[in-house]
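Accompanying notes for the structure given below.
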There are 2 protein chains.
Amino acid sequence: MSVITVLLVDDHLVVRSGLKALLGTQPDIEVVAEASSGEEALAAVEGHSPDVVVMDLAMGPGMDGIEAIRKIRERNRRQAVLVFTTYDSDADIVRAVDAGAMGYLLKDAAPEEIFAAVRGAVQGKSVMSPPVASRLFQQLRNPDDVLTPREAELLSLLTEGLSNKELGQRLFISEATVKTHLAHIYAKLGVETRAAAIATAIRREGMR
Amino acid sequence: MSVITVLLVDDHLVVRSGLKALLGTQPDIEVVAEASSGEEALAAVEGHSPDVVVMDLAMGPGMDGIEAIRKIRERNRRQAVLVFTTYDSDADIVRAVDAGAMGYLLKDAAPEEIFAAVRGAVQGKSVMSPPVASRLFQQLRNPDDVLTPREAELLSLLTEGLSNKELGQRLFISEATVKTHLAHIYAKLGVETRAAAIATAIRREGMR
DNA sequence: GGCGGTATCAGCCAAAAGGCTGAGAGACCA
DNA sequence: TGGTCTCTCAGCCTTTTGGCTGATACCGCC
């Protein structure tokens with residue numbers, strides 16, 4: 001049995017240190033590199049070509065986790081990416097899976113769960129924390145209310161307090177398109193104003 | 001020189017593990033106990049009587065970090081409590097300091113910062129992460145930015161996603177007055193739109 | 001008795017947001 | 001190959017929001 005090589009990506013040194021300590025107890029898993037930003041993560045993937053990338057989604061300014069996942073998957077489909085984050089936001093789950101994540105773990109996961117996820121990932125198995133899985137399950141029952149990846153992305157930026165114009169500039173689309181997306185988002189969230197959408201998104205979706 | 005004993009309190013095993021690994025590199029610091037909730041923390045303080053308690057504020061259901069700090073300080077003033085958390089919410093900082101916290105560190109703090117904070121805490125020195133200190137400083141310098149009770153009430157309703165008309169009806173005031181209050185709130189929060197105000201209120205002020 | 005802070009309200013105007021209809025391009029799938 | 005989904009864009013119109021100026025009233029305080 002060969003050793004599984006892992007790249008850790010998290011902007012908090014404490015979390016990287018903790019993961020490293022936990023994974024270090026497993027003889028068949030080895031942390032070969034760490035990164036604290038999306039940019040660093042891409043470089044580390046090139047340099048170390050790890051089997052599994054364990055990544056937080058929230059990573060301060062610059063490239064966010066979703067974008068990093070997408071780029072990693074674009075360049076090299078060998079790496080399996082595991083999301084390891086604090087919040088089980090509906091929108092983030094959808095976007096992460098869409099970007100090519102193999103699993104989605106919450107930070108309060110038990111060590112065994114994490115080990116199992118890493119081992120499963122290299123075999124192409126997808127592993128979810130129970131709360132995450134239940135959210136996905138619930139969404140399958142109401143497929144009409146599931147945000148598309150683009151809508152989720154827009155909603156995420158919406159919670160930053162941006163105007164339609166700013167949203168358009170940020171996403172390289174026209175203001176008209178922004179308004180179309182927003183109308184769909186409002187309908188799916190069951191709200192009528194952007195203010196209510198933001199409130200709903202932050203509270204219900206766990207966005208922040 | 002005697003060894004500083006530390007109790008770690010965080011609901012994420014990964015974070016505890018990481019802190020333990022980091023603090024373990026220091027010969028004069030020893031982690032003697034861990035807890036994953038406020039209740040456990042109180043018991044651990046009784047049992048181990050550590051010199052310093054390093055605690056996250058957000059801890060799932062049950063007693064929150066602030067309450068735990070207050071109770072620890074009530075029962076035994078020997079322990080110094082250091083807050084170690086992810087978000088620099090104005091409200092949380094004020095509440096934590098008020099509850100008796102000796103320091104306030106963010107999770108992206110450098111290891112040296114953490115070590116220094118632990119060592120400082122036992123000597124009665126208070127240590128803040130730079131972003132935290134700057135927030136406190138800003139509040140002291142600019143008391144004008146403190147919301148009046150009425151403004152706070154309005155902001156709280158604002159985060160529900162209500163329109164100006166609805167706000168007026170809810171508070172029994174005219175829409176004109178609502179707009180006046182909002183203008184003041186925006187100025188104090190440093191934002192220009194209601195969307196940004198909601199985002200700021202929920203995130204920074206911890207409203208929810 | 002005046003002064004500052006708070007809360008209340010009005011009117012005017014420009015900008016932003018939202019509702020509506022319609023439509024083309026590309027992907028995916030049966 | 002045709003249907004469906006997603007993402008993109010446009011125009012038109014109404015409503016809402018935000019910026020501004022100015023005003024009245026109450027309250028506590030020196």
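In what follows, every chain begins at residue 1, and chains take the letters A, B, ... in the order their sequences are listed. Computed from a prediction, not measured in an experiment: that's the story for all the values here.
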- Atom CG in Leu182(A), atom OG1 in Thr180(A): separation rounded to 0.5 Å? 8.5 Å
- Message: Under a 3.5 Å threshold, yes or no: a donor from one side chain and an acceptor from the other, between Thr177(A) and Ser174(A)?
- Response: yes
- Message: When you compare the side chain of Val14(A) with that of Lys107(B), does any pair of heavy atoms fall below 4.5 Å?
- Response: no
- Item | Leu7(B): which of Val53(B), Val52(B), Val81(B), Val54(B) passes side chain to side chain contact (heavy atoms under 4.5 Å, CB included) | Val53(B)
- Message: Can you tell me which nucleotide in dC9(D), dC9(C), dC7(D) comes closest to the side chain of His181(A)?
- Response: dC7(D)
- Rounded distance (Å) that lies between atom P of dG11(C) and atom CD of Glu175(B): 13 Å
- Could you give the CD-to-P distance, from Glu192(A) to dA17(C), as a whole number of Å? 17 Å
- Message: Output the rounded distance in Å from OH (Tyr186(A)) to C1' (dT15(D)).
- Response: 14 Å
- Item | Separation of dG19(D) C1' from His184(B) NE2 (nearest whole Å) | 12 Å
- Quick one: Leu162(B) CG to dA17(C) C1', roughly how many Å, whole number? 17 Å
- With a 4.0 Å cut-off on heavy atoms, is Thr193(B) in touch with a base, just the backbone sugar-phosphate, or nothing at all? sugar-phosphate
- Item | Nucleotide dC7(D), atom C1' - distance to CD of Glu153(A) in whole Å | 12 Å
- Cut-off 3.5 Å, side chains only: do Asp56(B) and Thr85(B) have a donor facing an acceptor? yes
- Round to the nearest Å and state the distance from Ile198(A) atom CD1 to dA17(C) atom P. 10 Å
- Query: Given that Val191(B) and Thr180(B) both sit by DNA chain D, which one's nearest nucleotide is further toward the 5' end?
  - Reply: Val191(B)
- Note on the structure: Assign each of Leu182(A) and Glu151(B) the nucleotide of DNA chain C bearing its closest heavy atom; nearer the 5' end lies the nucleotide of Glu151(B)
- Task: Using only side-chain N and O atoms of Asn164(B), determine if any of them is under 4.0 Å from OP1 or OP2 of dT17(D).
- Result: yes
- Task: Report the residue (Phe172(B) or Lys179(B)) whose heavy-atom-nearest nucleotide on DNA chain C is the more 5′ of the two.
- Result: Phe172(B)
- Query: Out of dT8(D), dA10(D), dC9(C), which has the shortest distance to the side chain of Ser174(A)?
  - Reply: dA10(D)
- Task: Mind calculating the distance between CZ (Arg150(B)) and C1' (dA25(D)) to the nearest angstrom?
- Result: 15 Å
- Message: Is it the case that the base of dC5(D) and the side chain of Thr148(A) share a donor-acceptor contact (distance under 3.5 Å, atom types as modelled)?
- Response: no
- Query: Within the structure shown, what part of the strands sits under 4.0 Å from Thr177(A) by heavy-atom distance: base, sugar-phosphate, or nothing?
  - Reply: base
- Please work out if Ser163(A) contacts a base, only the sugar-phosphate, or nothing of the nucleic acid, heavy-atom cut-off 4.0 Å. sugar-phosphate
